[in-house]
Number of protein chains: 4
Amino acid sequence: MNEQIKVAVLGRNGRMGSEAVRAITDASDMELVAALGRGDDLQEIVSSGAQVVVDLTVPGATRENVRFAVEHGIHAVVGTTGWDDATLAELESWLADSPDTGVLIAPNFAVGAVLAMKFSEMAAAFFESVEIVELHHPQKLDAPSGTAARTAALVAAARERAGVAPSPDATESDPHGARGADLDGVHVHSVRLRGLVAHQETLLGNTGEQLTVRHDSFDRVSFMTGVLLGVRSVAKHPGLTHGLDGYMDLGL
Amino acid sequence: MNEQIKVAVLGRNGRMGSEAVRAITDASDMELVAALGRGDDLQEIVSSGAQVVVDLTVPGATRENVRFAVEHGIHAVVGTTGWDDATLAELESWLADSPDTGVLIAPNFAVGAVLAMKFSEMAAAFFESVEIVELHHPQKLDAPSGTAARTAALVAAARERAGVAPSPDATESDPHGARGADLDGVHVHSVRLRGLVAHQETLLGNTGEQLTVRHDSFDRVSFMTGVLLGVRSVAKHPGLTHGLDGYMDLGL
Amino acid sequence: MNEQIKVAVLGRNGRMGSEAVRAITDASDMELVAALGRGDDLQEIVSSGAQVVVDLTVPGATRENVRFAVEHGIHAVVGTTGWDDATLAELESWLADSPDTGVLIAPNFAVGAVLAMKFSEMAAAFFESVEIVELHHPQKLDAPSGTAARTAALVAAARERAGVAPSPDATESDPHGARGADLDGVHVHSVRLRGLVAHQETLLGNTGEQLTVRHDSFDRVSFMTGVLLGVRSVAKHPGLTHGLDGYMDLGL
Amino acid sequence: MNEQIKVAVLGRNGRMGSEAVRAITDASDMELVAALGRGDDLQEIVSSGAQVVVDLTVPGATRENVRFAVEHGIHAVVGTTGWDDATLAELESWLADSPDTGVLIAPNFAVGAVLAMKFSEMAAAFFESVEIVELHHPQKLDAPSGTAARTAALVAAARERAGVAPSPDATESDPHGARGADLDGVHVHSVRLRGLVAHQETLLGNTGEQLTVRHDSFDRVSFMTGVLLGVRSVAKHPGLTHGLDGYMDLGL
């Protein structure tokens, strides 16, 4: 019989954390041994015998949480934002002292969103034209979405590396700005529509053909597929992994 | 046996005119009795016995062509642009003297494009949010497309008539103009992509649901369905009809 | 000041009924004056002063509920299934004695689904080819969906009325049944996919062009738009109306 | 100054061959030095100084053409069908005697189609559900398309390798076969619609999310992007490469 992975969740009262508690409880190959909220003592992670910590807290807490886990040789799967180049470098130094421990820093746990970004980047250099359309609920405050901006940056960098010419565009008259945002030469269009959640299309065109990569996120629960993948994989990947795709064997 | 409709084409050397010559020749219920180019004598229309004239010429010629047809009691199906309120009023006065003659002025002969616009207008008042995405080949000079601008105007007018509130939009930050053009409160996004021809989507959203009406025009030959529908229907509709949908029995 | 519409909900404990209680409570132009569950006394409808009853119960109860409402001159908006030709005829006879009372029997309250079906029917005769793709969650027991079957029937009937030839199809070899269900000459394809709720596309094709009408239902709450439309409109439509589109002014 | 690649086309009168003649003539980094039709002497390839041969002939001729090229140390880009395990093994033996020569056997030259297949295979193991919808013109004789069947096989194999459970499907009643073809556990749906050319969607679903990879082929000319990529790359890849993706640096 396979043993279950012992998991502790940090941030159990947040939206993501409470979903994670439920998902880990439901997963037959995992056992939830601890679930901590704000102010709880981190020692409980150790006393519970957790092998993996899932950190879904807040930017102000995640650094200490991960340091504690690494120092105790407990693997960490981290969805909290707020990690930058400086804190990631710090994290690398802690890991140097704990070479068997794995840490995943994942800005996005939706498997489909991660793949859509990856495929957009991979395809970018093989098409004359690339544009991005992102569609969200109308309560969203910023346009374009962070995911769309990051996708555009990846696409633009891939095209520059390959020496691809700019996407052709003969537009002479556009008095109302219908052509949308131009991010490093990649046009990005933001739709806001009641009923939607979070959706994105990368459109790639050559003479006579089009390739479309679309991701639809209907519900926050979609992130749980990625959290579980992280928990199952982190022990096999000592050191720092940045981005869930580092755990996805894309068969290449 | 049904008699064939005798048809004369004006503008036989143009892109649309040459397609029309071919389509009418191929239609089993029509006979092409004349095909005139620039400088040919309009009297040939009469001597050929044409019952219907198809005018696919240029703005500078269409007015005289249609006047000639109406004066001789020959029905006219007109795809040439350039008709405005003043010339349409003039046309009405000619038709007053020839009450059995029918004239169709059709800005768009693609049956699907006409229906897509109609459906967008019909649905507009029943949804909280409406936006339009149009996608064209990258040689196009203007954004948004004329069809998208017209659709937005129809949608906006329908919503105003019904007293619908503006589409919700909480956007506070949009430094690069990703939200596109705002035409009378309807956001319009223009994509330019190698490989495409002419495509348009109207996206309508309510809490929990979305309705999408999409038209793809892959080839200019798509206009011929509408030209043939016009030729078959014009005799049954004396007087002026503006827009191909006037001949489409939508079962309502 | 506009007076609020006094509304009673029957079936307050069901999935749809509880959503309706919430939606009516939230609507500023309505007042929820009663909410009845199984076994509650219908007299409460009268004593509460309800002007409109919303029936979201079960096939075995709806007939009596509606009869009671009509006899007391209270309008009824009915989403319960189970009405057939015989019971509808009975309902007409009750309404004959209460000529000012309106009743809406609505098999589908999602505004977008109703319009998608209507547009598919309207467009069907203007295209050579029509096929339907419906996509649902994988717990669904039957294929194709009832909505898809009904759409196919409406499309087939519209084409027959207009004398349109069958959709062209040169398929000679299809050993695994990839062409899907053939319902009255309209091919219907059923996709079952984790993550989806209820979605449907009608694809219509002519030479060089395609028209697509798509409806996405992401959440049951989408039905509430139609329920509220029904409550607001039923008093203005004495007698029986079958189908929510009877209350939708499509501007034609 | 970069030197131009000297190219000979075999099969210049076929549909693909004549497109290739035009595309190579238009490419600024290539020079068309020979274009042979049926019965022309292969020696012309040598005398013309061709560095690369593009074979777009017929199954009965391609084996001899490629053998001739390899024996003369001329690289070959081959789009002709008809290569099986036996003839590919033979080709490997010829190449053993000419180790600097490269040969590309490409069943599909549409860059987007190759990527769509690759991405479908890569994503297959990360989703609970996968289905394929392919859409073609109504003159097509077979269903499903060869590309769809090949994609389904790649998807099924990837899922089996990763030990993924079968896609969930609770269908109990499907009297008309709406669920389409079941190929190794992957449902494939074939739409036939006037106006379409060749289109394919892979739909992948997890709880709360969907990933869609779609390829649209609007015109045969789309294959030329892949032919030119082959001509530019073949000299850098000695030996046999099977599939255009072998030349596509996917940045992994």
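Reminder, nothing fancy here: chain letters follow the sequence lines and each chain counts from 1. Side-chain atoms are counted along with the backbone in the values below, which use heavy atoms only and exclude waters and symmetry mates.
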Proximal to chain A - members of residues 17-26 of chain B, heavy-atom separation under 4.5 Å: none

Under 4.5 Å from any heavy atom of chain A, what part of [X] do you find: side chain, backbone, both or neither?
{"X": "B:L204", "answer": "backbone"}
{"X": "B:H189", "answer": "both"}
{"X": "B:V130", "answer": "backbone"}
{"X": "B:D142", "answer": "both"}

More than 12 heavy atoms of other groups within 6.0 Å of [X] [atom1]:
{"X": "B:E160", "atom1": "CD", "result": "no"}
{"X": "A:R63", "atom1": "CZ", "result": "yes"}
{"X": "A:D84", "atom1": "CG", "result": "yes"}
{"X": "A:R232", "atom1": "CZ", "result": "yes"}

Segment of [X] engaging chain B (4.5 angstrom heavy-atom cut-off):
{"X": "A:Q210", "result": "side chain"}
{"X": "A:S167", "result": "neither"}
{"X": "A:D169", "result": "both"}

Where B:A170 and A:L141 come nearest, the two heavy atoms and their spacing: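 That closest heavy-atom pairing would be O-CD2, 3.5 Å.
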
Among B:L203, B:L196, B:V188, residue most engaged with chain A (heavy-atom pairs, under 4.5 Å):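 If we count pairs closer than 4.5 Å to chain A, B:L203 comes out on top.
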
Among B:V133, B:L183, B:V197, B:L135, residue most engaged with chain A (heavy-atom pairs, under 4.5 Å): B:L183

From CZ (B:R194) to CG (A:N206), nearest 0.5 Å: 9.0 Å

Donor-acceptor contact below 3.5 Å, side chain B:R179 vs main chain A:S190: yes

Any idea which of [options] has the most non-hydrogen atom pairs under 4.5 angstrom with chain B?
{"options": "A:E172, A:K140, A:H176", "value": "A:H176"}
{"options": "A:G177, A:G195, A:G180, A:A143", "value": "A:A143"}
{"options": "A:P138, A:P175, A:A178", "value": "A:A178"}

